[in-house]
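Proteins come first, then strands; the chains are lettered A, B, ... in the order of their sequence lines, and each starts at number 1. Heavy-atom basis, side chains included; hydrogens, waters and symmetry copies ignored.
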2 protein chains.
Amino acid sequence: MLNLTHVRAFLAVVEEGSFHGAADQLGVSQSTVSHGLKRLEDMLASDLVIRHRDGCVPSHKGEIFLPFARSLVALSERAVARLQSDRIRIGASSNVGIYLLQPHLRRLADTAGVQPDLVIAANPAIATKLENREIDMAFLEWWDGRPGFEARRWITDRLLIIVAPDHPWARRNEIDLEMLLQQPLLAGEKGTGTGTILKEALGTAASRLLVSRNLGSTEAVKRAVAAGMGVSIVMEGAVRDEIASGRLYSVSVAGLRLEKTLWCVVPHDLITVSPTLETMRHLLEPQALSS
Amino acid sequence: MLNLTHVRAFLAVVEEGSFHGAADQLGVSQSTVSHGLKRLEDMLASDLVIRHRDGCVPSHKGEIFLPFARSLVALSERAVARLQSDRIRIGASSNVGIYLLQPHLRRLADTAGVQPDLVIAANPAIATKLENREIDMAFLEWWDGRPGFEARRWITDRLLIIVAPDHPWARRNEIDLEMLLQQPLLAGEKGTGTGTILKEALGTAASRLLVSRNLGSTEAVKRAVAAGMGVSIVMEGAVRDEIASGRLYSVSVAGLRLEKTLWCVVPHDLITVSPTLETMRHLLEPQALSS
DNA sequence: ACACGTTACGGCAACCGTAAGGATT
DNA sequence: AATCCTTACGGTTGCCGTAACGTGT
């Protein structure tokens, strides 16, 4: 079996580029690092670092081993951390975590007294964290149905076409599809499935959509649209306040209804763990929110 | 730092349900298992298994730790295995691995003398294996653009509508969309993106598609179609032989061209490792195949 | 009495730090 | 000579197996 202390020494040597630096980083003597690395190399029957006069670099095999080493150390640290704090950790894609999930978490705290940690990142990154058990459950805009997980429908939110108050469309309730196709669209975060929904809804016409640029986040998109830089399509929950206050206007396309189903995903091996199950049960409750 | 030998002992106890069984499984004495588990529990400051009269079960914290333990042991074993064999490991979704990749692997063996291991599984499962570094690169029908990976277009294959030789459509070159919409479709493996492509291409009409049943694999779909159980849509490469021999016929829908782009995906931290890079370079070569 | 896990004890290997030794520039 | 890694040596710790010891049935 590998010794994780030695693996850690290997990582430190690669990061620091020297045995001395690695020893300092780890707070051990330099010979300990040398020893540990040698043990590891013996165990693996492979030279892992090339000792050079001025600095060390991973060898060929070292480069192959490097990602494993990182994952092993990170995983073990996550494991102990996860056991120390018994807080549930919930992941959510940016839009969901920032705009949609908050009132539900509030309700969870009020009714069940549970206050989970919330991890917000891009949709695919959250899927990765779920796979690594960095989080216990995820609320996502898009899920690929990979095995080992249970995905349940959470809520369905409408997608709105938003424009600035001084945009010509702001005075209309409805536009037709052709107008939308001729207007450059500002895109937000990638990998959230909005593009797929548009393609499904528009069919062949989707290829004529003009995506002028990617802004990376919904908040940036909202500011850009408000500043008159174009129009965009976002989840209703993300612009409720702006529309209520008149900072943004929404318009519909005749005969087009866009909506996105959001998912709650839990690994199968955590679904039996009672606090996870309990939390999921609370958050999935169809009970209406006061907001 | 965690001791992987102890983690392994924990896993064995949980699997076997007893310390004795675990000791047998691991080929050590029973007290060693007891000791190791105690060390682990001390390290984690958590009781991991509940010692019962007739068998042991993981405690609450044990259940939380369990997936970490499995991942740690599996990852460490993969790491040593990966260093022992210097064979590249290529993953591919079923269709790609079975039908499309083979001639390219042949060419790779002939020109570069490289014979990689091939791992075939469902598309999302391959994505997971890639994330875990179980494979070095993947050829996929669908990729979600998650961070940390480089995805390059590999080839584009047409999607064909296939029917049995005695099907009424077999005598026609072309049908119209309405006919397709009224015909039940046999679906193959899930998560391969074919559904998404159909939705994009057909737009709102996609909702009228009749998917009669899921058969799980393309090979099953081909047999079912040949037996007259319905029609289906598959990648051209998967039915080239059957069409050439007349066991299946393909028809087109007027004005509809369906195709699927396949991807070659490599983790960023492996792309610099020379044999991986070399292999990818060879397989991505646009050079025409003799077949 | 039996089955099972725990604890005590001794041997052995692993680990660590100090310090001396080599190699390269 | 200076720098960096390796190796030798001794003390300490951790790990393992044998065997004795609780504890429930």
Side-chain angles (χ1 to χ4, degrees), chain A residues 1-63 65-66 69 72-73 76 80, chain B residues 1-62 65-66 69 72-73 76 79-80:
Chain A
M1 276 288 112
L2 291 180
N3 182 324
L4 289 183
T5 306
H6 299 165
V7 174
R8 202 177 175 65
F10 166 68
L11 282 179
V13 168
V14 171
E15 281 170 25
E16 300 286 331
S18 86
F19 282 51
H20 275 119
D24 288 349
Q25 187 196 87
L26 299 173
V28 298
S29 81
Q30 179 269 340
S31 84
T32 300
V33 174
S34 182
H35 243 126
L37 193 51
K38 180 152 188 55
R39 297 262 175 202
L40 186 63
E41 289 180 324
D42 289 348
M43 169 86 61
L44 295 171
S46 318
D47 291 342
L48 294 179
V49 307
I50 299 171
R51 284 80 158 165
H52 230 237
R53 174 108 217 80
D54 45 353
C56 301
V57 291
S59 69
H60 170 61
K61 297 221 167 192
E63 294 210 53
F65 184 64
L66 197 49
L72 279 169
V73 171
S76 71
V80 301
Chain B
M1 275 289 112
L2 290 180
N3 182 325
L4 288 183
T5 305
H6 298 165
V7 174
R8 201 176 176 63
F10 166 68
L11 282 179
V13 167
V14 170
E15 280 170 26
E16 300 286 331
S18 85
F19 281 51
H20 274 117
D24 288 349
Q25 189 196 88
L26 299 173
V28 298
S29 81
Q30 179 268 342
S31 84
T32 300
V33 174
S34 183
H35 245 128
L37 192 50
K38 180 153 188 55
R39 296 262 177 202
L40 186 62
E41 289 180 323
D42 289 348
M43 170 86 60
L44 295 171
S46 317
D47 291 341
L48 293 179
V49 307
I50 298 171
R51 283 80 158 165
H52 231 236
R53 170 117 242 82
D54 44 353
C56 302
V57 292
S59 68
H60 171 59
K61 297 222 168 189
F65 184 64
L66 197 50
L72 279 169
V73 171
S76 71
V80 300

- For the side chain of B/Q30, starting at C-beta, report the closest nucleotide among D/dC9, D/dT6, C/dT6. C/dT6
- Query: Does A/S31 make a side-chain donor-acceptor contact with the base of C/dT18, cut-off 3.5 Å?
  - Reply: yes
Distances under 3.5 Å between protein N/O atoms and the N/O atoms of nucleotides 21-24 of chain D, please, pair by pair.
unit_1: D/dG24; atom_1: N3; unit_2: B/R53; atom_2: NH2; d: 3.4

- Query: Using a cut-off of less than 4.0 Å, is there contact between a side-chain N or O of B/N3 and OP1 or OP2 of D/dC15?
  - Reply: yes
- Message: Let me confirm one number: the CG-OG distance from A/D24 to A/S29, rounded to the nearest 0.5 Å.
- Response: 10.5 Å
- Query: Are B/H20 and C/dG5 close enough that a side-chain N or O sits under 4.0 Å from OP1 or OP2?
  - Reply: yes
- Message: So, does A/S34 get its side chain near the phosphate of D/dT6, meaning an N or O under 4.0 Å from OP1 or OP2?
- Response: yes
- Query: Taking only N and O in the side chain of B/R39, is any of them less than 4.0 Å away from OP1 or OP2 of D/dG14?
  - Reply: no
- Does C/dT25 have OP1 or OP2 sitting under 4.0 Å from an N or O in the side chain of A/H52? no
- Message: Under 4.0 Å from OP1 or OP2 of D/dC4: is there any side-chain N or O of A/R51 that close?
- Response: no
- Value rounded to 0.5 Å, distance of CG in B/L72 from CZ in B/R8: 12.0 Å
- Using a cut-off of 4.0 Å on non-hydrogen atoms, how would the nucleic acid contact of A/V28 be classed: base, sugar-phosphate, or nothing? sugar-phosphate
